[in-house]
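What follows is a set of notes on a single structure, which appears directly below.
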Amino acid sequence: MKIRPLADRVVIKKVEAEEKTASGIILPGSAKEQPQMAQVIEVGPGGFVDGNEVKMEVEVGDKVIYSKYAGNEVKIDSEEYIILRQSDILAVIE
C-alpha cells in the first residue's frame, strides 16, 4: 500500500536511535534518546493552503528534523509513519 499525501503534507519515517554511545556503551531500549529525526517517504503537491501558496521545499529521501509533537502517527503494513505539514519540519540535514 502506498501513501499519497495531500496539499502541504509530508510522510516521514523515524530514523532509529543509536544503540550505543560514542564511547561504545550499549544502551538498553528505555535509555535510548528518541530523536526527532526522520527520512521523507512521500511529499504532497503543495499548492494553495488557507489562501496562501505553499511551495514544497523537501524531497523524497531527505533527512529532516521535525517538531516533537507534530503530525499524526499511522501504521500501514506493519510500518510506522508520521504524516505532518511541511511547516512542522524544522530543518533538512545535509
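Note: hydrogens, waters and symmetry copies are ignored here, and every other heavy atom, side chains too, is used. Counting from 1, the numbers follow the sequence of the chain as shown.
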State, with a plain yes or no, whether a side-chain heavy atom of L90 is found less than 4.5 Å away from one of S67. yes
Any side-chain heavy-atom pair of V74 and Y81 under 4.5 Å: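 A side-chain contact under 4.5 Å exists here.
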For the residue pair G71 and D88, what are the closest heavy atoms and their distance?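 What the structure gives for the nearest pair is N-OD2, 4.3 Å.
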I'd like a table of donor-acceptor pairs (distance under 3.5 Å, sequence neighbours excluded) in which one partner is a side-chain atom from residues 45-61, with atom names and distances.
none

Interatomic spacing from [atom1] in [X] to [atom2] in [Y] - rounded to 0.5 Å:
X: N72; Y: I83; atom1: CG; atom2: CD1; value: 7.0 Å
X: L84; Y: Y66; atom1: CG; atom2: OH; value: 8.0 Å
X: I41; Y: K13; atom1: CD1; atom2: NZ; value: 6.5 Å
X: I3; Y: D77; atom1: CD1; atom2: CG; value: 9.0 Å
X: D62; Y: I89; atom1: CG; atom2: CD1; value: 8.5 Å
X: I65; Y: M37; atom1: CD1; atom2: CE; value: 5.5 Å

With sequence neighbours left out, write down each residue that passes salt bridge (charged side-chain N to carboxylate O under 4.0 Å, His left out) with K68, or none if nothing qualifies. none
By side-chain hydrogen bond (donor to acceptor under 3.5 Å, both in side chains), which residues pair with D8, not counting sequence neighbours?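 D8 satisfies side-chain hydrogen bond (donor to acceptor under 3.5 Å, both in side chains) with R85 once adjacent residues are dropped.
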